[in-house]
J.: 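Pasting a structure below so you can have a look.
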There are 2 protein chains.
Amino acid sequence: MQLSTKARYASRALVELALQYGEEPVKLKDIAARQDISLKYLEQVMFPLRVCGYVKTQKGSKGGYILARPPQEVTLLEIIECVEGSVAPVECADNPDLCKRSERCCTHHAWIGLKDAITRELGKISLADLAGKHLLLNKD
Amino acid sequence: MQLSTKARYASRALVELALQYGEEPVKLKDIAARQDISLKYLEQVMFPLRVCGYVKTQKGSKGGYILARPPQEVTLLEIIECVEGSVAPVECADNPDLCKRSERCCTHHAWIGLKDAITRELGKISLADLAGKHLLLNKD
DNA sequence: AGATTTCCTATTATAATAGTAGAAATAAAA
DNA sequence: TTTTATTTCTACTATTATAATAGGAAATCT
């Protein structure tokens, strides 16, 4: 049940972008340095976020990444679904047909309940919430 | 965020034991056959459940596994914590000291919220609930 | 032109997961 | 007492996913 580093790095990177929302593009190099993440790996983490339309980019010097949507409209749920594909704890929660047993499986229904709980929790945490929390925790 | 097969197999096996609670020991071979699980692998899955005291065993012919506690007193949370160690989506949720960043990390707090949501959801599903659901889904 | 940054593709190291295998220990039944 | 059926214990292995690392191409600004 562990979240991948992809999901964690993506979340932290997007919080950085949220903190600079409306300003200049942010360089991945700076995020990587501040967050102790390998630049080359972070590049790969950002790729699906661009495809999904959460970030926009500008090449060249003065280039970088910007958040493509208002921070209060992007949730952890969307971010994780984008980089990990799903928050389902089991494949059958997304695709019952994968297991012939699904319909009559009592645990199948429990896993769907779990997925729903995860979805609810992550869906209510926005980048704006996280950015606000960040400022609160780091005001010194 | 995928649940391991260990966690899923353990849950399904314990439901089988819950269905036979108070009766003869149940052979792992039978559970393995009914649930399409490798017997040898299931043996390993059951090991921590015995150590944690969720099941008792009897060797030899007429032997097998029995649930050591009433089905309504055992939850999915306990089962998964037993076989996977924790339901935390990130290590820092159990052990903040592992990451020097924890205290000032806004996502750290989000992951703790997620762990709590998972804990609440799994903690309210007992083997008795699952066994009841099973009978409901399979009455034919 | 030159510097800087994103973009794209390939490769690799590491670890975790999932499963297989064989034989020893134990208990019941014949 | 022998046989049979089961759990128990330990070791091994295959497969996959994760987490990087690396090098260079393309674009953009000064």
Side-chain angles (χ1 to χ4, degrees), chain A residues 1-13 16-17 20 24-33 35-68 80 83-86 88-91 99, chain B residues 1-13 16-17 20 24-33 35-68 80 83-86 88-91 99:
Chain A
M1 283 287 283
Q2 287 241 336
L3 224 42
S4 66
T5 60
K6 266 194 167 63
R8 294 187 286 119
Y9 290 175
S11 304
R12 279 153 57 189
E16 295 264 356
L17 296 190
Q20 309 287 327
E24 305 277 275
V26 183
K27 299 183 209 326
L28 231 44
K29 189 163 68 166
D30 294 338
I31 297 181
Q35 297 283 342
D36 275 319
I37 301 173
S38 145
L39 171 60
K40 284 303 208 172
Y41 190 45
L42 189 53
E43 285 176 358
Q44 295 177 55
V45 170
M46 299 305 284
F47 173 76
L49 295 170
R50 183 166 53 85
V51 173
C52 293
Y54 294 111
V55 300
K56 285 183 181 157
T57 56
Q58 188 184 346
K59 287 185 180 176
S61 61
K62 290 275 175 178
Y65 285 71
I66 58 170
L67 199 60
I80 294 173
V83 299
E84 290 199 346
S86 168
V90 291
E91 288 195 349
C99 178
Chain B
M1 283 287 282
Q2 287 241 336
L3 224 43
S4 67
T5 59
K6 265 193 168 64
R8 296 187 286 120
Y9 291 175
S11 305
R12 280 154 57 189
E16 295 264 355
L17 296 190
Q20 309 287 326
E24 305 277 275
V26 183
K27 299 181 209 330
L28 229 45
K29 188 163 68 165
D30 294 338
I31 297 181
Q35 296 283 340
D36 275 319
I37 301 173
S38 145
L39 170 62
K40 285 303 210 172
Y41 190 44
L42 189 53
E43 284 175 359
Q44 294 177 53
V45 170
M46 299 305 285
F47 174 77
L49 295 170
R50 183 166 53 86
V51 173
C52 293
Y54 294 112
V55 300
K56 284 183 183 158
T57 56
Q58 189 185 344
K59 287 185 182 177
S61 62
K62 290 275 175 178
Y65 284 72
I66 58 170
L67 199 60
I80 294 173
V83 299
E84 289 200 346
S86 169
V90 292
E91 288 195 350
C99 178

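Lettering follows sequence order; numbering is per chain, from 1. Quantities reported herein were computed from a predicted structural model and do not represent experimental measurements.
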J.: How close or far is atom P of dT4(C) from atom NZ of K27(A), stated in whole angstroms?
T.: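 Result: 10 Å.
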
J.: Between dA17(D) atom P and E84(A) atom CD, what is the distance in whole Å?
T.: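 Atom-to-atom, E84(A) to dA17(D), this comes out as 13 Å.
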
J.: Indicate for each nucleotide in nucleotides 17-25 of chain C, in 5' to 3' sequence, whether protein heavy atoms under 4.0 Å reach the base (B), only the sugar-phosphate (S), or nothing (-).
T.: -BBBBBB--

J.: Please list all pairs passing the salt bridge (Lys or Arg N to Asp or Glu O under 4.0 Å) test where one or both residues lie in residues 57-67 of chain A, with sequence neighbours left out.
T.: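 Listed by first then second residue: nothing to list.
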
J.: Quick one: ring pair (Phe, Tyr, Trp, His ring centres under 6.0 Å) partners of F47(B), sequence neighbours excluded?
T.: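 With sequence neighbours excluded, F47(B) shows a ring pair (Phe, Tyr, Trp, His ring centres under 6.0 Å) to no residue whatsoever.
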
J.: Quick one: L28(A) CG to dC8(C) C1', roughly how many Å, whole number?
T.: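 Interatomic distance, CG of L28(A) to C1' of dC8(C): 14 Å.
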
J.: I need the L39(B) CG to K29(B) NZ distance, nearest 0.5 Å.
T.: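 Between atom CG of L39(B) and atom NZ of K29(B) there are 8.5 Å.
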
J.: Using salt bridge (Lys or Arg N to Asp or Glu O under 4.0 Å) as the criterion, list what pairs up with E43(A), not counting sequence neighbours.
T.: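 So E43(A) forms a salt bridge (Lys or Arg N to Asp or Glu O under 4.0 Å) with K40(A).
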
J.: Under the side chain to side chain donor-acceptor pair (under 3.5 Å) test, which residues partner Q20(A), sequence neighbours left out?
T.: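 Listed in chain order: nothing, the list is empty.
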
J.: Measure CD/Q58(B) against P/dT8(D) and give the value in whole Å, please.
T.: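 In whole Å, dT8(D) P and Q58(B) CD are 10 Å from each other.
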
J.: Quick one: E24(A) CD to dC29(D) C1', roughly how many Å, whole number?
T.: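 My rounded result for the distance is 12 Å.
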
J.: Is there a side-chain polar atom (N or O) of T57(A) under 4.0 Å from OP1 or OP2 of dT5(C)?
T.: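 Checking dT5(C) against T57(A), no side-chain N or O comes under 4.0 Å of OP1 or OP2.
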
J.: Please tell me if R50(A) has a side-chain N or O lying less than 4.0 Å from either OP1 or OP2 of dT6(C).
T.: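 For R50(A), the contact criterion (side-chain N or O under 4.0 Å from OP1 or OP2 of dT6(C)) is not met.
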
J.: Rounded off to whole Å, could you give me the CD-to-C1' distance for the E91(B) and dA16(C) pair?
T.: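 Nearest whole value for this atom pair: 13 Å.
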
J.: Identify the heavy atoms of G53(A) and A68(A) that sit nearest to each other, and give their distance.
T.: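 Closest approach of G53(A) to A68(A): O-CB, 3.4 Å.
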
J.: Going by ring pair (Phe, Tyr, Trp, His ring centres under 6.0 Å), name the residues that satisfy it together with Y9(A), two or more places apart in sequence or in a different chain.
T.: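 Scan of Y9(A) (ring pair (Phe, Tyr, Trp, His ring centres under 6.0 Å), adjacent residues dropped) gives Y41(A).
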
J.: Rounding to an integer number of Å, can you tell me how far Y65(B) OH sits from dA5(D) P?
T.: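 Distance check: Y65(B) OH to dA5(D) P gives 18 Å.
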
J.: Map F47(B) and K29(B) onto DNA chain D by nearest heavy atom, then report which one ends up closer to the 5' terminus.
T.: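 This one resolves to K29(B).
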
J.: Rounded off to whole Å, could you give me the CD-to-P distance for the Q35(A) and dA19(D) pair?
T.: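 Value for this atom pair: 16 Å.
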
